[in-house]
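Structure first, commentary second.
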Amino acid sequence: MANLDEARALLREFPVVDGHNDLPWALREKSGYDLDRLDIAGHQHEHLHTDIPRLRAGGVGAQYWSVYVPAEQPDPVAATLEQIDCVRQLLDRYQADLAPALTAADMETARGEGRIASLMGAEGGHSIANSLGTLRGLHALGVRYMTLTHNSNVDWADSATDTPKANGLTAFGREVVREMNRIGMLVDLSHVAPSTMRDALDATSAPVIFSHSSARAVCDHPRNIPDDVLERLPANGGVAMVTFVPKFVLQAAVDWTAAADENLRAHGLHHLDTSAEAMRIHRAFEERTPRPVATVSVVADHLDHMREVAGIDHLGIGGDYDGTAFTPAGLDDVSGYPNLLAELLERGWSRADLAKLTWQNAVRVLGAAEDVARDLQSRRGPSHATIESLDG
């Protein structure tokens, strides 16, 4: 591919901050967190998108590791703590390559050391079990963003992929956003309904992120961001991090995925199951009905549109690796980021544009959230509100 050498050179100076990687959950599912069984230090694993050599090849300089647990998890708080423990094990084991990071300054320090800054993001408000004290506890353990919902509603916020219940955020949901602002935890609006996006933008005093979402105007999937929300990012200061999941970026893949999900359910499996058995059933379905393949160009189409609507200062990257069964051609795993940058260079994106996309915007938004938190903490203490007191 043309421009690859230039892309790789840029990534050596301004590496990718990736907003969302589900390696901790993949390790839970595939090895019970046993890093001797799935050692990511030196070789590729058939069922993983992520290991250290491929992170290095992809020019990744900072990674938000998702500490996701399913909404139906019997004890989501305990499971989230286990996910956090997994990230800590990774940091302990791979100290030469992974650097713990809590702040924007930590990210810059890691970049200077040539290590991959490692942050954490909780995916879904169910992880706090309607408790602001639990929210603060997750922040104290290093979680630096929380996605307000996953695929299902929570008691205080509507998901993009569930039947509306709160019509956005409830009073307690707005208090969650305010408390996240106060402690310096980024409000992540991937997965939430457009009504929740708009309510959160109304409630927040800090920039928001979309850790892994693309443009709804380019591909009409409910997980993507409508233009009217993208238009609000300049005033908010937030960042929308484009994702690569084919069923979110390519309309033909949306339709194919709906059929493939129904096929999994017909076999008694959850449509998000990525176990070996689920993958076997997926492959059989794909043999009968060939899967539409997204490409690097398709992802670039989303970025072109998002830049036009939100502006270059409000874009980032969130691949969702190890959280999706399929990936675009050329973005097969975490080593593929140079291919995306090469495509954008071909389209006329400047070096300054790409530096903002890969590194600068994501670092800025975390730093801005820290600034807001310092100000708010000087003026008010922890919120002791409960969902019962605010929502009845």
Side-chain angles (χ1 to χ4, degrees), residues 16-22 63-64 66 68 121-125 144-153 157-162 168-169 177 186-201 204 207-234 236-251 253-254 257 272 294 298-324 326-328 331 337 340 357-358 361-362 365-366:
V16 169
V17 180
D18 184 274
H20 193 90
N21 184 301
D22 277 301
Q63 181 65 67
Y64 278 95
S66 175
Y68 156 80
E123 189 176 20
R144 286 301 177 264
Y145 75 64
M146 183 175 74
T147 321
L148 299 186
T149 74
H150 190 240
N151 289 333
S152 303
N153 298 337
D158 282 347
S159 167
T161 48
D162 201 352
L169 289 173
V177 169
L186 289 165
V187 176
D188 178 17
L189 299 180
S190 286
H191 278 288
V192 308
S195 57
T196 306
M197 297 175 192
R198 296 173 188 124
D199 282 358
L201 284 165
T204 188
V208 303
I209 65 167
F210 292 81
S211 66
H212 57 307
S213 294
S214 296
R216 191 151 187 180
V218 180
C219 181
D220 188 16
H221 189 285
R223 272 282 283 104
N224 287 334
I225 313 168
D227 276 3
D228 73 285
V229 175
L230 286 170
E231 288 169 355
R232 294 184 64 176
L233 287 182
N236 167 262
V239 172
M241 308 177 92
V242 70
T243 197
F244 304 160
V245 181
K247 65 182 179 181
F248 301 157
V249 298
L250 181 64
Q251 192 63 49
V254 174
T257 299
L272 294 178
V298 168
V299 176
D301 289 343
H302 282 265
L303 281 169
D304 278 342
H305 179 81
M306 294 160 78
R307 182 175 69 163
E308 181 179 339
V309 177
I312 188 58
D313 293 322
H314 305 285
L315 303 185
I317 295 172
D320 202 12
Y321 286 116
D322 285 305
T324 179
F326 304 111
T327 54
L331 294 167
Y337 300 101
L340 178 60
L357 173 72
T358 58
N361 291 342
V365 79
L366 181 59

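What you see below is based on every heavy atom in this structure, not just the backbone, and it leaves out hydrogens, waters and symmetry mates.
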Extract all donor-acceptor atom pairs below 3.5 Å that involve side chains of residues 302-309 and protein atoms in other chains or at least two apart in sequence.
residue	atom	partner	partner atom	Å
H302	ND1	A215	N	3.1
H302	NE2	V249	O	2.9
D304	OD1	W349	NE1	2.9
D304	OD2	R347	NH1	2.7
H305	NE2	D227	OD1	2.8
H305	NE2	D227	OD2	3.2
R307	NH1	D353	OD2	3.0

Atom pair CG/CG of D320 and N21 - distance to nearest 0.5 Å: 8.5 Å
Short side-chain to backbone donor-acceptor contact, N224 and C219, under 3.5 Å: yes
Report, one line per pair, each donor and acceptor closer than 3.5 Å where one atom sits in a side chain of residues 236-244; sequence neighbours left out.
residue	atom	partner	partner atom	Å
N236	OD1	V208	N	3.0
N236	OD1	G238	N	3.0
N236	ND2	A206	O	3.2
T243	OG1	G318	O	2.9

Any S211 side-chain heavy atom under 4.5 Å of Y145 side chain: yes
Side-chain (D162) to main-chain (N153) donor-acceptor, under 3.5 angstrom: yes
Stepwise side-chain contact (heavy atoms from CB on, under 4.5 Å) check, I317 with L340: CA-CA 10 Å; I317 295 172; L340 178 60; 4.3 Å; yes
Spacing of CG belonging to L186 relative to OH belonging to Y64, to within rounding of 0.5 Å: 5.0 Å
Side-chain touch H212/S66, heavy atoms, less than 4.5 angstrom: no
Side chain D18, main chain G319, donor-acceptor under 3.5 Å: yes
Interatomic distance, N151 atom CG to H191 atom NE2 [nearest 0.5 angstrom]: 5.0 Å
Nearest-0.5 Å distance that lies between atom CG in L250 and atom OG in S214: 11.5 Å
Side chain D199, main chain L169, donor-acceptor under 3.5 Å: yes
F326 vs T257, side-chain contact (heavy atoms from CB on, under 4.5 Å): CA-CA, chis, key distance, verdict: CA-CA 10 Å; F326 304 111; T257 299; over 6 Å; no
Working for side-chain contact (heavy atoms from CB on, under 4.5 Å), residues L331 and Y321: CA-CA 10 Å; L331 294 167; Y321 286 116; 3.5 Å; yes
Contacts of P234 that satisfy side-chain contact (heavy atoms from CB on, under 4.5 Å) - sequence neighbours left out: H314
side-chain contact (heavy atoms from CB on, under 4.5 Å) between V245 and H221, worked out: CA-CA 11 Å; V245 181; H221 189 285; over 6 Å; no
Heavy-atom closest pair, residues A200 and L148: CB-CD1, 4.3 Å
F248 vs T324 side-chain heavy atoms within contact, under 4.5 Å: no
Side-chain donor/acceptor of R223 to backbone N/O of T161, under 3.5 Å: no
Rounded distance [0.5 Å steps], OG1 in T147 versus NE2 in H20: 6.5 Å
Least distance between heavy atoms, P194 atom then R216 atom: CG-NH1, 4.1 Å
Exam field: side chain N361 to backbone L315, donor-acceptor pair closer than 3.5 Å: yes
Nearest-0.5 Å distance, CG of residue D313 to CG of residue L357: 11.5 Å
Side-chain donor or acceptor of Q251 paired with backbone N/O of D220 under 3.5 Å: yes
Atom of A294, atom of P246 and distance for their closest heavy-atom approach: CB-CB, 4.1 Å
